[in-house]
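Presented below is the structure to which this report refers.
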Amino acid sequence: MSGMEYFLRFENWSAGWLLFFVFLWISHVVVLKSSRVHKVCFASGLFILYLVFGSPLALLSEYGLHSTAMVKQMLIVMVAPILILNGVPKNIFAGSMRNDFWNSGNSKKLVMVAWFLGALAMWGGHFFGAIVMSAKTGLAICGISAPIEGWFSAVPENLILAVLLLMGVLFALPVFNPNRSHRIGALQSVAYLFTSCVSCSILGLYVTFSAVSNATLNTTTLRNPFSLSSIADQELAGMLMWVPGCFLYVFLCMAILMRWYDEKEGQLKPQPLIMKTKKIEQIHT
Amino acid sequence: MYLWLALFFFIIGGLEAMVLRAQLALPNNELISPETYNQLFTMHGTTMIFLVLMPALIGLGTYLIPLMIGANEMAFPRLNAFSLWMTFMGGTLLYFSFFAGGGPDAGWFNYAPLSENNYSSSHGVDYYLIGLILTGIGSIGAALNFVTTVLTLRAPDMKLNMLPLFVWMMFINGFLILAAFPLLNAGLFMMLIDRQFDAHFFIPSSGGSAILWQHFFWAFGHPEVYILALPAFGIISEVIPVFSRKPIFGYKFVASSTVAIALLAFGVWVHHMFAVGMSNTVNGFFAASSMLIGIPTGIKVINWIGTMYKGSIRMTVSMMFALAFLIDFTIGGLSGASFAIVPIDWQLTDTYYVVAHIHYVFLGGTAFGIFAGIFYWFPKITGRHLSEKLGKWHLWLFVFGFNMTFLLQHMLGILGMPRRIYTYPDLPYWKILNLISSIGAIFMFVAIGIFLYNIFITLKKPRSAEDNPWEAWTLEWSTPSPPNLKNFEQLPPIHSRRPLWDLNNPDNPDKRLN
Amino acid sequence: MKDKGKLLILLLVGSETFFFISLIIAYVYYRNFTNTVDTVAHTLDATRAGIFTLFLIASSVTLIVAKNALKKDNRKRFKIFLVLTVLLGVIFISGQIGEYIGLYKKQITLDSDVFGSSFFTLTGFHGLHVILGLIALTIIFLLSIGKMERVGVAAFSGMDVYWHFVDVVWIFVFYFVYIMPLL
């Protein structure tokens with residue numbers, strides 16, 4: 001069966017997950033007062049989650065394909081959190097403890113924590129996910145192999161993905177907080193995203209260029225539907241994380257910058273990056 | 001001082017090129033030996049990139065950034081001086097190699113293992129390595145200064161989204177330099193340790209990897225070409241609006257596409273290594289990313305053309321160089337985008353097609369931008385106008401000669417002539433195309449001679465320029481020409497991107513941005 | 001908020017990060033992706049290096065204490081902890097030097113093989129940065145006891161960023177060079 005057919009087979013799409021997400025979306029519409037944009041964003045976010053959990057993509061993990069695991073993790077850590085955060089109205093956190101914490105002077109430390117959570121999600125998620133996948137399928141993923149009898153094989157992959165989703169949301173909060181005034185400034189957002197991009201790129205670099213030496217057998221892994229050899233699979237995984245991943249970051253930076261240039265007076269936050277400037281007298285005609 | 005340094009090395013680098021073209025004018029020529037030829041092309045490339053274009057752009061930035069943001073000086077003046085002298089020392093050391101047994105001769109990107117001890121036993125390569133380490137440190141210092149100055153010394157009313165585009169581009173460029181030059185320095189140090197201490201980084205026979213040098217070099221090298229292009233874009237973004245009497249079309253697009261270019265610059269370097277033999281997956285992805293990086297630049301070109309549309313154009317020499325830039329840089333960009341297609345790259349790599357491409361982007365792009373900037377800001381910096389008449393001779397001869405030399409080299413590359421060969425057999429069309437190229441070089445030589453003469457006689461004239469001869473709108477034009485030692489005693493009110501327009505047109509000011 | 005000195009050091013630190021990333025990439029590459037046999041790693045004493053690492057980390061801690069003392073204008077405490085920082089840094093460097101001497105005696109040098117090259121380059125550049133940091137800290141200390149008794153927080157705020165950076169880089173270097181071969 002070819003890849004195309006694999007995706008089109010009806011039974012490869014999970015009905016249970018579909019119902020779950022539809023239920024979530026209906027609750028969102030009913031409980032929260034959200035605008036149309038919010039509804040669409042939230043729906044898209046949920047759709048992405050469905051793709052990760054309930055679509056044929058989810059089943060492909062059985063074949064031990066590094067690249068599909070990569071796609072899932074990218075969707076879960078980067079794409080879905082942003083869509084979800086864009087899909088909730090801004091006062092969703094109002095009155096909660098988080099709000100007060102943010103409003104106190106600790107916001108800078110929070111931002112750093114969030115950034116590290118994101119980095120941890122990516123590095124840890126990959127590392128841990130590779131171990132679990134290796135334990136379950138018996139293949140060496142990117143040079144990492146774990147024994148099948150170990151406790152790793154008992155860890156449900158969905159649990160890892162759920163934790164990653166949470167960490168992804170926390171990571172995205174400083175830049176995509178539904179409450180606009182709690183977001184960090186535009187240029188800091190670009191710096192925040194760019195530095196995470198560097199971190200992801202390093203791992204992507206490693207995964208890509210280690211493919212040739214890490215793959216012990218240049219064979220097709222477990223008769224997967226795409227006839228990918230293990231070398232191509234690993235290179236694909238690294239490049240997916242790197243190139244489309246970076247493009248996503250660049251695209252987000254562009255969107256943030258364009259919005260920043262369009263901001264009218266009054267909506268501009270005081271730029272924290274303006275430091276002590278020299279006092280120069282001004283003429284006012 | 002940066003500009004003088006650049007000019008000095010420009011003359012040297014240009015003379016090197018003249019000798020190269022003389023050698024290549026005819027097949028089977030024996031004007032210079034192969035060893036000399038190798039040294040000449042290596043030094044020509046290294047000089048032009050690191051000792052002419054970089055210092056010229058940094059020099060313009062150092063002079064103009066404080067003026068354009070309403071500051072009185074750069075944030076760290078002594079660091080500024082340090083950077084200049086490091087660049088100077090690096091250049092001196094590089095050229096000292098000629099007196100110490102021969103210059104570097106492994107090409108300006110100095111591939112291993114050719115550049116390692118067993119194949120390059122003279123010290124030329126060591127001078128290259130150390131020279132570039134020094135100039136690299138100088139550039140990093142300059143970049144630190146740029147970023148800090150823009151972030152800390154802006155006039156209080158000037159928000160970051162109100163910066164003149166030249167300043168914005170130099171600001172983003174600063175980050176690019178800070179991220180890219182360390183990669184080069186790491187590679188240079190490793191190769192220096194290889195050569196001096198018999199280490200094994202890049203020598204395959206003892207466990208090293210020559211490809212790693214390529215990765216390090218091009219991970220620097222590709223951002224470097226954007227480092228050279230962005231300031232030129234900034235200059236053009238200042239010149240075209242003023243001489244079209246219209247504000248720049250789509251400021252936010254130009255500004256954000258700059259950031260896109262800076263971010264993407266680090267994700268395309270393997271396209272210099274398509275012929276190395278990496279897998280299709282890797283090549284494919286880098287091909288895709290290389291094609292995509294053309295988009296932001298294309299956006300800019302559209303914006304510049306859009307600025308000119310329905311503007312009232314003033315055809316000064318500066319503007320004419322900007323127009324020449326638009327045409328020739330676009331050609332260079334297109335030939336570059338053609339390389340993104342891997343099979344085409346496999347056919348054309350290391351041929352004269354590449355030479356044509358790089359000269360179209362470096363000369364047709366950066367150098368034309370610098371010329372446009374020099375003619376534009378000369379009155380401000382020196383208080384005198386460069387002669388428009390001589391400038392037009394310079395421009396036409398140079399543009400004509402430039403296109404004559406390099407346009408046909410595209411053909412030459414497609415016909416298969418490899419680069420870096422000191423002579424060639426008498427194959428069909430090779431002789432005539434090379435001859436035409438060399439004649440074009442003579443035109444460029446004469447044009448630069450006129451340019452130098454122009455500078456010389458202009459500097460002897462008394463100071464006569466007004467504050468704002470071009471009726472421009474950014475802050476540097478509110479100072480006397482040349483500015484006083486303390487740039488600004490007072491600043492005009494700054495509420496938009498064109499403060500001087502607002503000042504002169506109080507009934508029709510730009511939209512208020514702060 | 002940040003002042004221009006601290007901003008400068010932050011940018012410099014960012015730039016140097018890329019430098020060290022390159023060196024670490026080279027090291028990881030030679031460690032994992034070449035067929036040469038690793039002759040250096042088994043001769044490294046991770047425990048000993050670990051102890052010296054603790055000294056370096058301690059120096060970062062003393063520097064934080066010094067900074068807080070300076071902010072509260074407790075000059076005496078500031079000077080004491082600054083001296084402690086320099087001292088701990090010096091101990092770290094002497095540990096490095098001792099290690100180099102030991103390796104040299106075992107005839108492992110820059111040119112022994114790829115690992116010798118990359119090990120000495122990576123740790124050597126780090127050591128160089130530590131030494132530069134120590135010089136700068138010493139200068140600040142001397143400024144604080146000399147005629148210029150007042151050392152402003154601004155002058156100091158850049159230095160502590162640099163010192164913590166040097167510490168963090170070492171932790172990564174320590175992991176890649178000493179820990180990873182043991183895994």
Side-chain angles (χ1 to χ4, degrees), chain B residues 71 74-76 79 117 133 136-137 139-141 143-153 171 174-209 211-213 215-217 219-220 223 266, chain C residues 1-40 100 104 107-126 128-129 132 154 158 162 165 169:
Chain B
M74 294 288 278
F76 296 104
L79 179 63
N117 268 328
I133 288 175
I137 294 178
S139 303
I140 292 180
L144 287 170
N145 230 339
F146 286 163
V147 175
T148 317
T149 306
V150 172
L151 283 176
T152 58
L153 291 182
F171 175 63
F175 286 104
L176 259 180
I177 293 178
L178 288 176
F181 269 86
L183 306 175
L184 175 69
N185 279 348
L188 291 172
F189 273 117
M190 289 196 279
M191 187 175 273
L192 198 58
I193 294 175
D194 260 6
R195 287 177 58 89
Q196 294 296 325
F197 297 110
D198 289 324
H200 307 277
F201 285 112
F202 302 123
I203 305 176
S205 54
S206 48
S209 162
I211 303 291
L212 199 62
W213 166 263
H215 277 296
F216 277 129
F217 188 85
F220 152 76
F266 289 96
Chain C
M1 231 18 235
K2 297 182 283 231
D3 60 294
K4 68 180 187 186
K6 186 166 171 186
L7 180 63
L8 181 77
I9 300 288
L10 276 171
L11 291 169
L12 184 66
V13 158
S15 186
E16 293 293 284
T17 307
F18 278 87
F19 182 71
F20 277 105
I21 286 177
S22 314
L23 292 179
I24 291 180
I25 286 179
Y27 186 84
V28 170
Y29 174 79
Y30 290 123
R31 179 94 194 47
N32 290 330
F33 302 130
T34 55
N35 298 324
T36 47
V37 175
D38 179 0
T39 58
V40 171
Y100 278 15
Y104 182 69
Q107 313 223 305
I108 296 171
T109 51
L110 256 175
D111 59 3
S112 31
D113 64 18
V114 171
F115 297 96
S117 310
S118 44
F119 170 80
F120 281 104
T121 307
L122 183 55
T123 54
F125 269 110
H126 177 262
L128 183 69
H129 281 73
L132 289 173
Y162 180 81
F165 161 70
V169 169

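First the proteins, then the strands, lettered A, B, ... as listed; each starts at 1.
- Between the side chain of B/D194 and the main chain of B/F202, a donor-acceptor pair closer than 3.5 Å is present.
- Minimum interatomic distance between B/F201 and B/M190 (heavy atoms only, all atoms of both residues): CD1-O, 3.5 Å.
- In this structure, chain C has a heavy atom under 4.5 Å from the side chain of B/I193, while its backbone stays farther away.
- The contact between B/L212 and chain C is made entirely by side chain atoms (from C-beta outward), counting heavy-atom distances below 4.5 Å.
- Using a 4.5 Å cut-off between heavy atoms, C/F125 contacts chain B through its side chain alone, with no backbone atom that close.
- Residue contact with chain C, scored on non-hydrogen atoms closer than 4.5 Å, involves the side chain of B/F216 exclusively.
- Neither the backbone nor the side chain of B/F181 comes within contact range of chain C; no heavy atoms are under 4.5 Å apart.
- Side chain to side chain, C/Y29 and C/S118 fail the donor-acceptor criterion of an N or O pair below 3.5 Å.
- Heavy-atom distances place the side chain of B/L79, and not its backbone, under 4.5 Å from chain C.
- Side-chain atoms of C/Y162 do not come within 3.5 Å of backbone N or O of C/L132 as any donor-acceptor pair.
- More than 12 heavy atoms of other residues, nucleotides or ligands sit less than 6.0 Å from atom CZ of B/F76.
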